[in-house]
Student: 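First, the structure itself, so that you have it in front of you.
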Amino acid sequence: MADFEIRRQCPPQLCDCAREPLLQDAQADLAILRLNLTQEKHLLAHIETISTLEGLRKLERNLQKNLGVVLRIAPASGEVRTVRGFQIQLLEQPGLCRKTRAAIPAAVRRCLVAHPEIAFAILNENDLLGGL
């Protein structure tokens, strides 16, 4: 069992987080379960205050390092006219709640709406100007 406060169990019919099998596996990395509801609220508030691309990339690295969660932010394959044109997702993994997989990308999207310069920087990273 973990030596830290872990996320409460979701109702089985409403979530596919596979928390129980993760807890039963002695070799499993339980870091994702550190993200309890209180921590998740702090994380979401923090995401919405990010004001630079560097801050967003740091968030991606910290999520990977501390929780084992992979956050991907990239422009969609077609034309991007608004932040809805970005693909923002958390890769599925055992212990990651369905609600969290939706809440974090939504917070990132709100961050991009509040700071369009971050969205432009992401587009530039992905060759917006076609190598000109």
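FYI, the numbering just counts along the sequence from 1.
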Student: How long is the span from the CG atom in Leu35 to the CG atom in Leu67, to the nearest 0.5 Å?
Tutor: 5.5 Å
Student: Show the nearest heavy-atom pair for residues Gln93 and Gly68, with the distance to one decimal.
Tutor: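 Closest pair (atom of Gln93, atom of Gly68, distance): OE1-O, 2.7 Å.
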Student: Would you say that Leu43 contacts Thr100 through its side chain, given a criterion of any heavy-atom pair below 4.5 Å between the two side chains?
Tutor: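 No; the side chains remain at least 4.5 Å from each other.
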Student: Decide yes or no for Asn66 and Arg34: does some side-chain heavy atom of the first lie under 4.5 Å from some side-chain heavy atom of the second?
Tutor: no
Student: Which atom pair, heavy atoms only, marks the closest approach of Ile118 to Cys111?
Tutor: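 Result for this residue pair: CD1-SG, 3.9 Å.
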Student: Under 4.5 Å between any side-chain heavy atoms of His115 and Leu56, yes or no?
Tutor: no
Student: Could you grab the distance from atom CD1 of Ile32 to atom CG of Leu22, nearest 0.5 Å is fine?
Tutor: 9.0 Å
Student: Are Ile122 and Phe120 in one and the same hydrophobic cluster, where Ile, Leu, Val, Met, Phe, Trp and Tyr link if side-chain heavy atoms are under 4.5 Å apart?
Tutor: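 Yes, it is one cluster - the side chains of Ile122 and Phe120 are joined through contacts under 4.5 Å.
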Student: Looking at Arg57 and Glu60, is there a salt bridge between them, counting it only when a charged N and a carboxylate O are closer than 4.0 Å?
Tutor: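 Salt bridge flag = yes for Arg57 with Glu60.
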Student: Which pair of non-hydrogen atoms, one from His46 and one from Thr49, has the smallest distance, and what is that distance?
Tutor: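 Scanning both residues completely, I find the closest heavy atoms to be O-OG1, 2.7 Å.
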Student: Do Arg101 side-chain atoms and Leu96 backbone N/O form a donor-acceptor pair below 3.5 Å?
Tutor: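 Such a contact is found between Arg101 side chain and Leu96 backbone.
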Student: With a sphere of 6.0 Å drawn around CD of Glu117, does it hold more than 12 non-hydrogen atoms of other residues, nucleotides or ligands?
Tutor: yes
Student: Are Leu23 and Leu33 packed together at the side-chain level, in the sense that at least one heavy-atom pair is separated by less than 4.5 angstrom?
Tutor: yes
Student: Could you list the cluster mates of Val70? Members are the ILVMFWY residues connected by side-chain heavy atoms closer than 4.5 Å, either directly or through other members.
Tutor: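 Besides Val70, the cluster holds Leu91.
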Student: Identify the two heavy atoms, one from Gln89 and one from Pro105, that lie closest to each other, and give their separation to 0.1 Å.
Tutor: CA-CG, 4.1 Å
Student: Run the numbers on Ile88 and Leu71 for side-chain contact (heavy atoms from CB on, under 4.5 Å), then give the verdict.
Tutor: CA-CA 7 Å; Ile88 305 168; Leu71 175 64; 4.2 Å; yes
Student: Please round to the nearest 0.5 Å and tell me the distance separating atom NZ of Lys41 and atom CG of Asn36.
Tutor: 10.0 Å
Student: Going only through I, L, V, M, F, W and Y residues with side-chain contacts under 4.5 Å, is there a path from Leu123 to Val113?
Tutor: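 Cluster IDs for Leu123 and Val113 match.
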